[in-house]
There are 2 protein chains.
Amino acid sequence: MTSRPDPAPAPDPAPAPAPAAGVRQAQKQASRRALLDAALGLLEQQNLSGLGVREVTRAAGLSPAGFYRHFADLAELGVVLVEESLANLHVMVRAVFAGSGEPELLIDRSVEVIAAHVAEHPAYLRFLARERHGGVKSVRDAVAAELARFAEELADLLAVQPDTAAWSAADRRMLAELYVDRMVSTALALVEADAEERAAIARTVRTQLRLINLGSRHWQAS
Amino acid sequence: MTSRPDPAPAPDPAPAPAPAAGVRQAQKQASRRALLDAALGLLEQQNLSGLGVREVTRAAGLSPAGFYRHFADLAELGVVLVEESLANLHVMVRAVFAGSGEPELLIDRSVEVIAAHVAEHPAYLRFLARERHGGVKSVRDAVAAELARFAEELADLLAVQPDTAAWSAADRRMLAELYVDRMVSTALALVEADAEERAAIARTVRTQLRLINLGSRHWQAS
DNA sequence: GAGTTCGGTGAACGAGTGTTCGCTGAATGC
DNA sequence: GCATTCAGCGAACACTCGTTCACCGAACTC
């Protein structure tokens, strides 16, 4: 309890989606959340493969044995964290594209949304950065799958965008992967930068995205 | 010894640079290499923060205490591995740009060189992927510093490239970072892909780099 | 109200850990 | 030849670790 710097401000405070009836269930969910939050906090300065069951239960205020009532593995817990980490991103990207279709505006808003997300959920993003190529295969695969879904979603959105509507599906997918990759890299760079570096990173990525957009406008003409 | 899948084909076989006179020195260097190679092998399936001193010395055929004759920390060993990992890349990028200046050709050759490098030194690249955002700060910083040097080098090369010679230094740096990031991501994707996926990844990245190049050709015109 | 379910506990298991210590013996400097 | 250096060793210290076990007691079912 003394080792946790952050009181784990339950990042998804909504108790609505699956409160499930029963005091029993609620208490179990609370313990589960405590484990997840404790792990997330510890993972800010550590790898998943360096994390220990005892360490997590200690931070969560459970006994070591209690862990196994919720997860078989730390890897299993890790996969859940991956899903939580990226769940919000999907609704965010849709929100960005919901407005106007001006590419320049889209770019600015995308960067703003990413910066805000990084500022709000740094722990989740740090975790993703660490485990995207980390030592636990199942977690790595979960991240890859989630990012692929993300690229797919963006490719679908590009299909209704004037500049890219006429492209082949493969080319749209290629462009979507380019954008996703740039944004992921940006998020990861932002998360371990201090305040002044962040402004520079945001400026750079805006320019880079504009350059990519410029390239895609001249694509078919080549 | 039984747990090492790879007999660690000393990636830098040159005994010339610093053989230093003396049997003593040579034996010490051999042990040091054994430690580095053993660690690199173990890190193919593990994080640096999950690695143990005893584990490394066991794989290297030393006693645990022997480790401390060479490194104070596993982190220190990790930093050395980072430097070795990226040392070759610098000479490679110069080799690519030494030839003709045709952008399309440069792109094709860059992708080829990366693919070849990944095929030849997968362990080093896997290690870089893991530790670029891993749990050990000193190693993370070493990777970041090395990649920054890399971007700087590329920016210098862009200064003598016809399309970008007239750009501002900041814009060239921006473009260099975009290229470096794309290539790093590609290398990391290649390293955990199987043979058929690799062809697809190479094709995609070629297209993406062409699109970026197209954008940079129209940049000043915007 | 009686009986069942089940999340959480504390103790215990064997195994593995980082690091330090004094020692050895071959390579060195003279 | 002799004294010195020092890479490597085995043993030991004092941990931490993952996982299992029987058990408790509050929440549930009926």
Side-chain angles (χ1 to χ4, degrees), chain A residues 1-4 15 18-39 42-43 45-80 135-139, chain B residues 1-4 15 18-39 42-43 45-80 135-139:
Chain A
M1 202 175 279
T2 63
S3 66
R4 279 278 298 299
V23 178
R24 207 48 162 296
Q25 291 286 331
Q27 281 174 348
K28 180 168 184 180
Q29 286 299 316
S31 290
R32 190 182 140 99
R33 260 266 62 93
L35 286 170
L36 288 166
D37 290 339
L42 291 166
L43 285 168
Q45 289 160 338
Q46 206 170 163
N47 268 128
L48 181 59
S49 38
L51 201 63
V53 170
R54 289 183 117 105
E55 206 177 347
V56 174
T57 55
R58 208 180 303 131
L62 292 203
S63 78
F67 177 86
Y68 298 96
R69 302 282 186 203
H70 300 276
F71 306 100
D73 247 357
L74 274 170
E76 201 175 295
L77 182 147
V79 171
V80 174
V136 184
K137 176 155 171 51
S138 57
V139 174
Chain B
M1 203 174 279
T2 64
S3 66
R4 280 279 300 298
V23 179
R24 209 47 165 297
Q25 291 286 332
Q27 281 174 349
K28 181 168 181 177
Q29 286 300 316
S31 290
R32 190 183 140 99
R33 259 264 66 85
L35 285 170
L36 287 166
D37 290 340
L42 290 166
L43 284 167
Q45 289 160 339
Q46 207 170 159
N47 267 126
L48 181 60
S49 39
L51 202 64
V53 170
R54 290 183 116 104
E55 205 178 348
V56 174
T57 55
R58 208 180 305 131
L62 292 203
S63 79
F67 177 87
Y68 298 96
R69 301 282 186 202
H70 301 276
F71 306 99
D73 248 357
L74 274 170
E76 200 175 297
L77 182 149
V79 171
V80 174
V136 184
K137 175 153 172 54
S138 56
V139 173

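What you see is a predicted model; the values in this text were computed from it and never measured. In what follows, chains carry the letters A, B, and so on, assigned in the order in which the sequence lines appear, proteins first and then strands, with residues in each chain numbered from 1.
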To the nearest angstrom, the CD-P distance between Glu55(A) and dG16(C) comes to 20 Å
Nucleotide dG8(D), atom P - distance to NE2 of His70(B) in whole Å: 4 Å
In whole Å, what is the span from the CG atom of Leu62(B) to the C1' atom of dC6(D)? 15 Å
Side chain to side chain, Leu35(A) and Arg32(A), heavy atoms closer than 4.5 Å: no
Protein-nucleotide distance (Gln25(B), atom CD; dT28(C), atom C1'), rounded to Å: 11 Å
Given dT20(D), is OP1 or OP2 found less than 4.0 Å from the side-chain N or O atoms of Tyr68(A)? no
What verdict does the side chain to side chain contact (heavy atoms under 4.5 Å, CB included) test give for Val79(B) and Phe71(B), after you've listed the backbone C-alpha separation in whole Å, the side-chain angles of each residue and the deciding distance to 0.1 Å? CA-CA 11 Å; Val79(B) 171; Phe71(B) 306 99; over 6 Å; no
Residue whose nearest DNA chain D nucleotide is more 5′ - Lys28(B) or Arg54(B): Lys28(B)
Could you tell me if the side chain of Lys137(B) sits less than 4.5 Å from the side chain of Gln45(A), heavy atoms only? no
Starting at the 5' end of DNA chain C, which residue's closest nucleotide do you reach first, Gln27(B) or Ala72(B)? Ala72(B)
Nearest heavy atom decides the nucleotide; on that basis, is Ala65(A) or Val53(B) closer to the 5' end of DNA chain C? Ala65(A)
Length of the line joining Leu51(B):CG and dG18(C):P, which is rounded to integer Å: 8 Å
Close side-chain approach of Leu62(A) to Arg69(A), heavy-atom, < 4.5 Å: no
Between dG25(C) and Arg24(B), is there an OP1 or OP2 to side-chain N/O distance shorter than 4.0 Å? no
Measure from CZ on Arg69(B) to P on dT5(D) and round the result to the nearest Å. 14 Å
What is the distance, to the nearest angstrom, from the CZ atom on Arg58(B) to the P atom on dA15(C)? 14 Å
Between Phe67(B) (CZ) and dT20(C) (P), how many Å, whole number? 12 Å
Let me confirm one number: the OG-CZ distance from Ser63(A) to Arg54(A), rounded to the nearest 0.5 Å. 9.5 Å
Give Gly52(A) one of three labels, base, sugar-phosphate or nothing, depending on what nucleic acid heavy atoms sit under 4.0 Å from its own. sugar-phosphate
